[in-house]
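One structure below.
Nothing fancy with the numbering, it's 1 onward along the sequence. Everything numeric here is computed off the predicted structure, so don't read it as measured data. Counting starts at 1 for both ligands and their atoms, following the listed order.
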Amino acid sequence: MRVTRHGPSLIQLTRFPLLFPVNCYLVREDDGFTLIDTGLAGSAKATLAAAIAEGGTIRRIALTHAHGDHAGSLDTLHAAVPGAEVLVSDRDARFLRGDHGLDPDEPRAKPRGSFPTRATRPTRALLPGDRVGSLQVVAAPGHTPGQVAFFDPRDGTLIAGDAFQTRGGVAVCGVLRPRFPFPAIATWHLPTALGSARALRALDPTRLAVGHGDVLDQPLAAMDRAIAEARRRVESGGRRRDA
Ligand SMILES: [Zn+2]
């Protein structure tokens with residue numbers, strides 16, 4: 001597990017940094033850490049060890065979305081720190097229970113990617129506008145129907161889940177990057193993702209932390225370019241320019 005620190009509050013934990021980087025984040029709070037995402041199955045031990053090495057206890061486990069590379073170690077982490085709050089968006093919590101159905105008002109696109117069923121139930125269902133420690137919960141649907149991002153107003157850090165990727169080139173999820181195509185392949189609905197990307201950009205983040213790829217400081221210009229590309233893709237009817 002690669003550990004990188006960004007400012008006083010953010011610690012990035014990366015499994016498989018060379019081949020298939022999957023990030024989780026420890027966010028420092030006065031009472032310990034909020035863990036954002038749990039990584040692939042098998043990540044719990046290294047995640048717990050990293051929290052201890054950084055000098056804190058995991059008080060809250062929050063998910064950006066229910067894909068298997070973000071919710072994979074939820075059950076084992078919850079078993080290891082049973083007193084921690086478990087925070088999942090109300091919408092994506094349904095995938096963890098095995099319900100893959102769509103709401104009547106959602107786009108008729110099939111959710112893509114792996115959605116493992118997990119036994120752990122959220123102690124609190126997150127809604128946009130909620131707080132998790134210092135973090136503000138921001139709606140970021142598109143990659144999945146109920147993805148959320150977390151914005152830290154203390155320093156402008158945005159933990160965006162898979163709403164953006166930075167590995168293989170900065171992109172809005174759903175816009176394929178041949179050198180790391182997986183977030184695009186697993187994206188539910190690009191037009192919805194584009195709307196979320198714009199909303200996240202409007203927060204004027206000073207730091208972009210994503211599920212796949214390095215943390216990006218001063219990300220606004222790169223986000224703008226990625227959003228413009230996604231807009232062109234949506235306007236051309238979603239045709240992919242894969243070459
Ligand atoms: Zn994902």
Side-chain angles (χ1 to χ4, degrees), residues 12-17 19-25 35-43 47 61-75 77 86-100 102 106-107 109-118 120 122 126 128 137-150 158-197 199-200 208-216 223 226 230 240:
Q12 185 191 49
L13 310 179
T14 308
R15 204 163 169 217
F16 307 127
L19 287 175
F20 187 96
V22 177
N23 298 322
C24 307
Y25 294 92
L35 174 68
I36 304 292
D37 288 332
T38 67
L40 294 156
S43 304
T47 303
I61 301 170
L63 299 185
T64 58
H65 63 293
H67 276 153
D69 51 341
H70 297 254
S73 291
L74 176 62
D75 285 352
L77 276 162
V86 177
L87 307 152
V88 186
S89 84
D90 203 24
R91 178 67 187 88
D92 263 27
R94 280 166 40 190
F95 290 105
L96 298 178
R97 297 195 299 269
D99 172 3
H100 295 194
L102 291 169
E106 288 176 336
K110 186 175 156 42
R112 300 160 85 186
S114 88
F115 287 101
T117 302
R118 286 291 171 266
T120 303
L126 293 179
V137 179
V138 185
H143 182 64
T144 64
Q147 182 172 247
V148 291
F150 298 93
L158 175 67
I159 303 174
D162 289 353
F164 288 87
Q165 69 182 76
T166 63
R167 178 73 168 210
V170 177
V172 173
C173 62
V175 175
L176 193 109
R177 287 283 175 268
R179 284 187 291 134
F180 196 74
F182 309 104
I185 290 167
T187 289
W188 169 57
H189 192 246
L190 177 59
T192 303
L194 173 59
S196 293
L200 296 177
L208 177 64
V210 298
H212 306 282
D214 290 345
V215 169
L216 192 61
M223 292 172 84
R240 283 179 171 164

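Inter-residue side-chain proximity for I61 and V88 is flagged as unmet; no heavy-atom pair is nearer than 4.5 Å. Side-chain contact between Y25 and Q12: present, with at least one pair of heavy atoms (C-beta onward) separated by less than 4.5 Å.
Note on the Zn ion (ligand 1): protein N/O/S atoms under 2.8 Å are H65 NE2, H67 ND1, H143 NE2, D162 OD2.
When all heavy atoms are compared, the tightest approach of A149 to A160 is CB-CA, 3.9 Å.
For D214 and T166, the side-chain atoms include no donor-acceptor pair closer than 3.5 Å.
With sequence neighbours excluded, the residues that form a ring-ring contact (aromatic ring centres under 6.0 Å, His included) with F20 are F180, F182, H212.
Using the six-membered ring where Trp is involved, H143 and H67 have ring planes that are perpendicular, over 60° apart on the 30 and 60° scheme.
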